[in-house]
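Inspection log for the structure reproduced underneath, given as structure tokens.
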Amino acid sequence: MAIKAVAFDVFGTLVNIDRPTRPFHKLVRLLHEAGRPRQRDDGIRAMSSAIDLRQAARLFGGMISEAALNALEAELRAEIESITLFPDAAPTLQALKARGIKVALCSNLAAPYGPPVLDLLPFQPDFCAWSYEAGAVKPQPEIYQYLCEGIACQPEEVLMIGDTIEADMIGPRKFGMHGYHLDRHAATSSSAESVRSLSDVLTLMAARH
């Protein structure tokens, strides 16, 4: 079956954070230092709900000072301002659109990061499967279902690419999609499972048509 849509992970795939501050991780650490035990699902809860830093602090039920929250929010703004597109992102997206292929995003991230990413893209994707809107995170099958429904495609009609093996290759393949791992630092050329550049997506598309 022909590929009708390509879904991209975001961070590490389409965009890079040039000056990472990791404010959500710092929030969990500060709450832990204030006496709140870390929970294994803290990250999942933060990324599967449409909440900001302050709402995350309330969700986690911990105590944190106003000054500390203000500092974290400033770090979040600085981190978001440092997000840049990888050089191969815009040309690849534009080439897919020119060929009539649907373009989607499928990413695990906290709610404040979604809109700034869209502002950097050359056009608005056909659909965004943000974890905080899907209520699920990769590699949970629910987020891939949310993606496929959003772009009105069957799993076998979707090619997924991203820089995390479990979330962007293995999980999508288990769901029936065509998942590929983006390894920008690979020493060898593309294999059956990985690519070195987003421009390799066009080669994969040609091979499947």
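Only heavy atoms go into these numbers, but all of them, side chains included; no hydrogens, no water, no symmetry mates. When a residue number appears, it is its place in the shown sequence, counting from 1. Since this is a predicted model, take the numbers as computed values, not measurements.
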Checklist entry - Out of Ile3, Val158, Leu204, which one pairs with His178 under the side chain to side chain contact (heavy atoms under 4.5 Å, CB included) rule? => result Ile3
Checklist outcome for this item: Output for pair (Ile161 CD1, Asp168 CG), nearest 0.5 Å, gives 8.5 Å
Next on the checklist: Is there a path of hydrophobic side-chain contacts, each under 4.5 Å between heavy atoms, that joins Met47 and Val117?
Outcome noted: no
Next on the checklist: Please report the interatomic distance CD1(Ile83) to CD1(Ile17), rounded to the nearest 0.5 Å.
Outcome noted: 5.0 Å
Next on the checklist: Please list all pairs meeting ring pair (Phe, Tyr, Trp, His ring centres under 6.0 Å) that have one or both residues in residues 101-128, counting only residues at least two apart or in different chains.
Outcome noted: Phe11-Tyr113, Phe127-Tyr146
Next on the checklist: Is there a salt bridge (charged side-chain N to carboxylate O under 4.0 Å, His left out) between Arg77 and Glu81? Walk through the geometry before answering.
Outcome noted: CA-CA 6 Å; Arg77 289 191 294 272; Glu81 289 172 0; over 6 Å; no
Next on the checklist: Is there a side-chain contact between Tyr132 and Ser49 in this structure, where contact means two heavy atoms from C-beta onward sitting under 4.5 Å apart?
Outcome noted: no
Checklist entry - Would you say the side chain of Val6 lies within less than 4.5 Å of the side chain of Val103, judging by non-hydrogen atoms? => result no
Next on the checklist: Can you tell me how far apart NZ (Lys4) and CG (Asp126) are? Round to the nearest 0.5 Å.
Outcome noted: 13.5 Å
Checklist outcome for this item: Here the gap from Leu31 atom CG to Asp42 atom CG, rounded to the nearest 0.5 Å, amounts to 8.5 Å
Checklist outcome for this item: The reported gap from CG in Leu182 to CZ in Arg196 (rounded to nearest 0.5 angstrom) is 11.0 Å
Checklist entry - Can you name the nearest heavy-atom pair linking Ala136 to Glu142, along with the distance? => result CB-CB, 3.7 Å
Next on the checklist: If you define the side chain from C-beta out and look only at heavy atoms, does anything of Pro23 sit under 4.5 Å from Leu53?
Outcome noted: yes
Item to check | Residue pairs passing the ring pair (Phe, Tyr, Trp, His ring centres under 6.0 Å) test where at least one lies in residues 37-88, sequence neighbours excluded | outcome: none
Checklist outcome for this item: All heavy atoms of Gly162 vs all of Thr13, minimum pair found to be CA-OG1, 3.3 Å
Item to check | Closest non-hydrogen atom pair between Ile80 and Pro112, with its separation | outcome: CD1-O, 3.5 Å
Item to check | Pairwise distance CG(Asn16) to OG1(Thr84) - rounded to 0.5 angstrom | outcome: 5.0 Å
Checklist entry - Is Val10 reachable from Phe8 through a run of hydrophobic residues whose side-chain heavy atoms are each under 4.5 Å from the next? => result yes
Next on the checklist: Donor-acceptor check, side chain of Ser107 to backbone of Leu109, threshold 3.5 angstrom: yes or no?
Outcome noted: no
Checklist entry - Heavy-atom distance under 4.5 Å between the side chains of Tyr144 and Pro172, does that happen here? => result yes
Next on the checklist: Testing the basics here: between Pro139 and Gly171, what is the closest heavy-atom pair and its distance to 0.1 Å?
Outcome noted: CB-CA, 4.1 Å
Next on the checklist: Are Leu118 and Pro125 packed together at the side-chain level, in the sense that at least one heavy-atom pair is separated by less than 4.5 angstrom?
Outcome noted: yes
Item to check | Pair listing, side-chain hydrogen bond (donor to acceptor under 3.5 Å, both in side chains) test, anchored in residues 63-75, at least two apart | outcome: Lys26-Glu75, Arg54-Glu66, Arg54-Asn70, Arg54-Glu73
Next on the checklist: Just checking Arg184: does its CZ atom have more than 12 heavy atoms from other residues, nucleotides or ligands closer to it than 6.0 angstrom?
Outcome noted: yes
Next on the checklist: For residues 8-21, which residue pairs pass the salt bridge (charged side-chain N to carboxylate O under 4.0 Å, His left out) check, not counting sequence neighbours?
Outcome noted: Asp9-Lys138
Checklist entry - Are Ile151 and Leu105 in one and the same hydrophobic cluster, where Ile, Leu, Val, Met, Phe, Trp and Tyr link if side-chain heavy atoms are under 4.5 Å apart? => result no
Checklist entry - Within a strict 4.5 Å, meaning less than it, do heavy atoms of the Leu30 and Leu27 side chains meet? => result no
Item to check | Distance under 6.0 Å and angle within 45° of ring axis: Arg173 vs Tyr180 | outcome: yes
Item to check | Met177 and Leu159, any side-chain heavy atoms less than 4.5 Å apart | outcome: no
Next on the checklist: Is it the case that the side chain of Glu79 and the backbone of Arg22 share a donor-acceptor pair, with hydrogens and angles ignored and the cut-off at 3.5 Å?
Outcome noted: yes
Checklist entry - Which ILVMFWY residues are connected to Ile165, directly or by a chain of links, through side-chain heavy atoms under 4.5 Å apart? => result Met169, Ile170
Next on the checklist: Strictly distance-based, threshold 3.5 Å: is any side-chain N or O of Asp41 a donor or acceptor partner for the main-chain N or O of Ile44?
Outcome noted: no
Item to check | Distance-minimising heavy-atom pair for Phe175 and Pro141 | outcome: CE1-O, 3.8 Å
Next on the checklist: Using only atom types and a distance under 3.5 Å, with no angle test, would you say the side chain of His181 pairs donor to acceptor with the backbone of Asp163?
Outcome noted: yes
Checklist entry - Between Ile143 and Val137, is any pair of side-chain heavy atoms under 4.5 Å apart? => result no
Which donor-acceptor pairs under 3.5 Å do the side chains of residues 91-101 make with protein atoms, sequence neighbours left out?
from: Thr92; atom 1: OG1; to: Asp88; atom 2: O; distance (Å): 2.7

Checklist entry - Can you list the steps and then say if Cys148 with Gln154 is a side chain to side chain contact (heavy atoms under 4.5 Å, CB included)? => result CA-CA 6 Å; Cys148 291; Gln154 297 300 312; over 6 Å; no
Checklist entry - Hey, does the side chain of Glu133 reach the backbone of Trp130 with a donor-acceptor pair shorter than 3.5 angstrom? => result no
Next on the checklist: The test is side chain to side chain contact (heavy atoms under 4.5 Å, CB included); show your working for Leu85 and Leu121 and say whether it passes.
Outcome noted: CA-CA 8 Å; Leu85 279 177; Leu121 300 183; 3.8 Å; yes
Next on the checklist: The test is side chain to side chain contact (heavy atoms under 4.5 Å, CB included); show your working for Leu14 and Leu198 and say whether it passes.
Outcome noted: CA-CA 8 Å; Leu14 291 178; Leu198 291 178; 3.7 Å; yes
